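These notes concern the structure reproduced below.
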Amino acid sequence: MSPPVVTRFAPSPTGYLHIGGARTALFNWLYAKANGGQMLLRIEDTDRDRYSDEAVEAILDGLTWLGLDWSGDAFSQYAHGERHREIALQLLAEGKAYKCYCSPGELTAMREAARAEGRPIRYDGTWRDRDEAEAPDGIAPVIRFKAPQDGETVVDDQVQGRVVYQNKELDDLIILRSDGSPTYNLSVVVDDHDMGVTHIVRGVDHLTNAARQSQIYLALGWQVPVMVHIPLIHGPDGAKLSKRHGALGVDAYRAMGYLPDAMRNYLARLGWSHGDDEVFSTEQMIEWFSLDAIGKAPARFDFAKLENLNGIYIRNTADDELADAIDSFLPYSEMDAATVAKFHAGREQLIGALAGLKARARTMIELVNGAAFLFAERPLKLDEKAAGILNDGGREVLGQLIGELDNQADWTTEALEEKVKAFAEAQDIKLGKIAQPLRAALTGTTVSPGIFDVLVVLGRDESLGRIRDNIS
RNA sequence: GCCCCCAUCGUCUAGUGGCCUAGGACGCCGGCCUCUCACGCCGGAAACAGGGGUUCGAGUCCCCUUGGGGGCGCCA
């Protein structure tokens, strides 16, 4: 029996949770859930210069919104710096690491020279075997890992397959800075080991790190976790999506009106598939998720498809549940406070209109905008097209119709439809010639749910009032 | 420059040597439905990057070319 699966999502707190990170988190979460294991959360905050509390908040908020929960408290890598330092010193004591007295300037010069001469850009190992007695005065050394120079390092990856690196391609990386603080590659190894992580699921941009980290695991005599390097998400231009290159934070997607469930579904389908299945619940996702169904090629983010999926989710959500979703969305929308209050106060009316509104919205923004006519104050502001219809004979039609509606006691869609159609027939005009002016007066626009549904959901008095407002 | 990875419709993908006349989804185009716009339904155009092998048989295996991506920090 294999040990329980432990995965981890390890973002660096340098900004919001971007879409690539969100998918990495999703895959970690899915794999843990699918195998009865748990996902841990670790904040990679060893670089204090780039750390910010707000970023940590944004990341936790983003994960929570997406419905991706983690076990225990968020683990701070920085808080375990002392442990990392001890390991670095242990490696030094064992002769598996050494002090390097090159200054940052020298290293930069080394890189630039290598680049200029077309040589591989690596640390040349100057201090690897040099006597410490030759150390210059006043320079605090860094500690470098003494990486093997011959042979090869194999990353046996669950997605990428067997990837072989010649050890001569990998230089001696710094594990402890001159100020005594540990660097990423060392900290990751120590933490993953200490946290009992069994599977490392992260983006392929870490593939080379996987090789270097494997060498450290080996030097420490620790077992290397199962490696799973998933392809990256690219922007429309085919380049890696990153914070400084087109990637938006998940909070932006929330503000654009995407539902977390739709988001999860869409993200899961980016790089992973289960036959021809496109729309599936989170439960199914967990049941079906497997590493071998993850592709190796990078995927481009496609808003059109996300939008379509989101529309499907909106339509499939029960009305009262959707009203709840609107409530949670409103604070992130651009609706003013007064309108938001009306949405809350008019919840029942909103639910009554949702059936007709749902089919017409692909995002929560569209949904909310579509519902706005419900809470508009008389006299309604008319958009250009609506005004055009009313001015172009619409008012006259309404003027004739109002008498009929005034006498209408049975205010149901069926009865109203019967009434209006009979009126159209009697007047020998097409239903559309009545429906559009009605829609214009009732909603202030030319687009809305079925006009009889609108009459009903608005109610008799409000409907009659809005119509009267637009009779010349 | 060096190392690594990738390559099926515009996009996401199915495909694991014969079931492929290459399937689905989004998008696009046309039609139906119709009080508007949607939804829904029906139909259509649209891809195995190129070249060599291997094999009775290659989208599927191998090699090369081309194209794309990632990495090469006292960042993570």
Side-chain angles (χ1 to χ4, degrees), chain A residues 10-14 44-47 49-50 77 100 102-104 107-108 111 114-123 140-144 155 157 160-161 163-166 168-171 173-179 181 183-185 187-188 203-209 211 229 231-232 234 236 238-240 266 269-279 292 295-309 311-312 315 356-362 366 370 385 389 417 420-421 424 430-436 438-440 443 445-452:
Chain A
S12 57
T14 54
E44 311 254 291
D45 51 1
T46 51
D47 183 358
D49 292 340
R50 303 206 299 167
Q77 190 155 63
C100 165
C102 288
S103 68
L107 294 174
T108 305
R111 273 193 291 273
R115 200 183 300 275
E117 291 168 37
R119 283 183 290 112
I121 300 158
R122 293 184 214 113
Y123 172 62
V142 297
I143 295 190
R144 283 184 186 272
V155 177
D157 194 271
Q160 302 297 322
V163 182
V164 181
Y165 285 92
Q166 295 306 311
K168 61 177 184 196
E169 306 289 347
L170 305 169
D171 60 3
L173 76 224
I174 293 170
I175 53 177
L176 210 61
R177 298 186 183 94
S178 52
D179 67 359
S181 64
T183 59
Y184 170 76
N185 275 297
S187 297
V188 166
V204 258
D205 49 341
H206 282 287
L207 197 57
T208 313
N209 285 330
H229 287 86
L232 303 178
H234 285 176
K240 175 186 179 182
Y266 178 73
R269 283 286 292 106
L270 231 43
W272 175 80
S273 63
H274 183 265
D276 283 339
D277 294 304
E278 297 282 350
V279 183
D292 56 9
K296 290 207 227 178
R300 297 190 190 200
F301 195 91
D302 182 14
F303 273 100
K305 191 154 185 172
L306 203 213
E307 206 156 279
N308 171 269
L309 234 200
I312 292 173
R315 271 173 261 138
L357 257 15
K358 278 201 284 201
R360 294 169 170 78
R362 286 168 307 180
E366 291 179 355
K385 285 180 186 171
I389 284 172
E417 181 163 1
V420 174
K421 279 186 172 167
K430 286 191 169 181
L431 182 57
K433 286 294 179 190
I434 303 172
Q436 280 307 80
L438 254 185
R439 187 168 348 257
T443 70
T445 72
T446 52
V447 175
S448 83
I451 200 62
F452 307 110

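Here is the naming used below: chain letters follow the sequence lines, and residue numbers restart at 1 for every chain. Note that the structure is a prediction, hence the values are computed from the model and not measured.
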Item to complete: Measure the CZ-CG distance between A:Arg362 and A:Leu306 for me, rounded to the nearest 0.5 Å.
Response: 11.5 Å
Item to complete: Mind checking A:Tyr165 for me? I need base, sugar-phosphate or nothing, with any heavy atom below 4.0 Å counting as a touch.
Response: sugar-phosphate
Worksheet item: Between B:rA7 and B:rC64, how far is it from one P atom to the other, in whole Å?
Response: 15 Å
Fill in: Donor-acceptor side-chain pairing of A:Arg439 and A:Ser448 below 3.5 angstrom
yes
Practice prompt. Write down the distance separating the P atoms in B:rA58 and B:rG18, rounded off to the nearest Å.
Written response: 12 Å
Worksheet item: Rounded to whole angstroms, how far apart are CG on A:Asp276 and P on B:rG15?
Response: 9 Å
Discussion item. Working to the nearest 0.5 angstrom, can you tell me the gap between A:Asn185 CG and A:Ile174 CD1?
Written reply: 11.0 Å
Discussion item. Using a 4.0 Å heavy-atom cut-off, does A:Pro11 contact any base of the nucleic acid, only the sugar-phosphate backbone, or nothing at all?
Written reply: nothing
Discussion item. When the C1' atoms of B:rA14 and B:rG31 are compared, how many Å lie between them, rounded to an integer?
Written reply: 29 Å
Worksheet item: Under 4.0 angstrom, heavy atoms only, what part of the nucleic acid is A:Val163 near: base, sugar-phosphate, or nothing?
Response: sugar-phosphate
Worksheet, complete the sentence: Any strand, both distances under 3.5 Å, Watson-Crick or G-U wobble: B:rA14 pairs with none
Worksheet entry | Heavy atoms of other groups near A:Arg115 CZ, more than 12 under 6.0 Å | no
Fill in: Sugar-phosphate, base or nothing in reach of A:Arg269, heavy atoms under 4.0 Å
base
Worksheet item: Within the structure shown, what part of the strands sits under 4.0 Å from A:Val420 by heavy-atom distance: base, sugar-phosphate, or nothing?
Response: nothing
Worksheet item: Which part of the nucleic acid, if any, lies within contact of A:Gly271, taking any heavy atom under 4.0 Å across all strands shown: a base, the sugar-phosphate backbone alone, or nothing?
Response: sugar-phosphate
Discussion item. Quick check: any donor-acceptor pair below 3.5 Å linking the side-chain of A:Ser448 to the base of B:rC37?
Written reply: no
Practice prompt. Could you measure between the two P atoms, the one in B:rC20 and the one in B:rG15, and give it in whole Å?
Written response: 14 Å
Worksheet item: Who is the Watson-Crick or G-U wobble partner of B:rG40, with both distances under 3.5 Å?
Response: B:rC32
Worksheet entry | A:Arg119 side chain near B:rC3 phosphate (N/O to OP1/OP2, under 4.0 Å) | no
Item to complete: Using atom types as modelled and distance alone, determine if a side-chain donor or acceptor of A:Tyr184 lies under 3.5 Å from a backbone N or O of A:Asp47.
Response: no
Item to complete: Provide the distance between the two P atoms, one in B:rG69 and one in B:rU54, to the nearest whole Å.
Response: 34 Å
Discussion item. Output the rounded distance in Å from CG (A:Leu232) to P (B:rC5).
Written reply: 15 Å
Discussion item. Salt bridge (charged side-chain N to carboxylate O under 4.0 Å, His left out) for A:Glu278 and A:Arg269? Distances and angles first, verdict last.
Written reply: CA-CA 7 Å; A:Glu278 297 282 350; A:Arg269 283 286 292 106; 3.3 Å; yes
Discussion item. Mind checking if A:Leu270 touches a base, just sugar-phosphate, or nothing, with heavy atoms under 4.0 Å?
Written reply: sugar-phosphate
Worksheet entry | Touch class at under 4.0 angstrom, heavy-atom based, for A:Thr445 against every strand present | nothing
Response to the item:
Which of B:rC6, B:rC4, B:rC2 is nearest the side chain of A:Pro120? It is B:rC2
Worksheet item: Who does B:rU66 pair with, Watson-Crick or G-U, both distances under 3.5 Å?
Response: B:rA7
Worksheet item: Between atom CG in A:Leu207 and atom P in B:rG70, what is the gap in whole Å?
Response: 14 Å
Fill in: Length of the line joining A:Arg362:CZ and B:rC26:C1', which is rounded to integer Å
12 Å
Practice prompt. Establish whether the base of B:rG71 is bridged to the side chain of A:Asp205 by a donor-acceptor pair shorter than 3.5 Å.
Written response: no
Worksheet item: When you compare B:rG50 with B:rG44, how far apart are their C1' atoms, in angstrom units rounded to a whole number?
Response: 29 Å
Worksheet item: Tell me: NE2 of A:His206 to C1' of B:rC72, nearest whole Å?
Response: 15 Å
Worksheet item: Once you round to the nearest 0.5 Å, how far does CG of A:Asp205 lie from CG of A:Leu207?
Response: 9.5 Å
Practice prompt. Could you grab the distance from atom CG of A:Leu170 to atom NZ of A:Lys168, nearest 0.5 Å is fine?
Written response: 11.5 Å
Discussion item. Applying a 4.0 Å non-hydrogen cut-off, can you work out what A:Glu44 is touching in the nucleic acid: base, sugar-phosphate, or nothing?
Written reply: sugar-phosphate
Worksheet item: If the P atom of B:rC26 is compared with that of B:rG40, how far apart are they to the nearest Å?
Response: 8 Å
Fill in: Atom P, compared across B:rG51 and B:rC12: separation rounded to whole Å
24 Å
Worksheet item: With a 4.0 Å cut-off on heavy atoms, is A:Asn209 in touch with a base, just the backbone sugar-phosphate, or nothing at all?
Response: base
Practice prompt. Using a cut-off of strictly less than 4.0 Å, decide whether A:Asn185 has a side-chain nitrogen or oxygen near OP1 or OP2 of B:rA76.
Written response: no
Practice prompt. Give none if B:rG59 has no partner; otherwise give the nucleotide forming a Watson-Crick or G-U wobble pair with it, both distances under 3.5 Å.
Written response: none
Worksheet entry | Under 3.5 Å on both distances, the Watson-Crick or G-U partner of B:rG1 | B:rC72
Practice prompt. Test for a donor-acceptor pair under 3.5 Å between the base of B:rA25 and the side chain of A:Asp277, counting only N and O atoms.
Written response: no
Worksheet item: NA contact type, A:Arg122, heavy-atom cut-off 4.0 Å: base, sugar-phosphate, or nothing?
Response: sugar-phosphate
Worksheet item: Is A:Lys296 near enough to B:rC6 that one of its side-chain N or O atoms lies under 4.0 angstrom from OP1 or OP2?
Response: yes
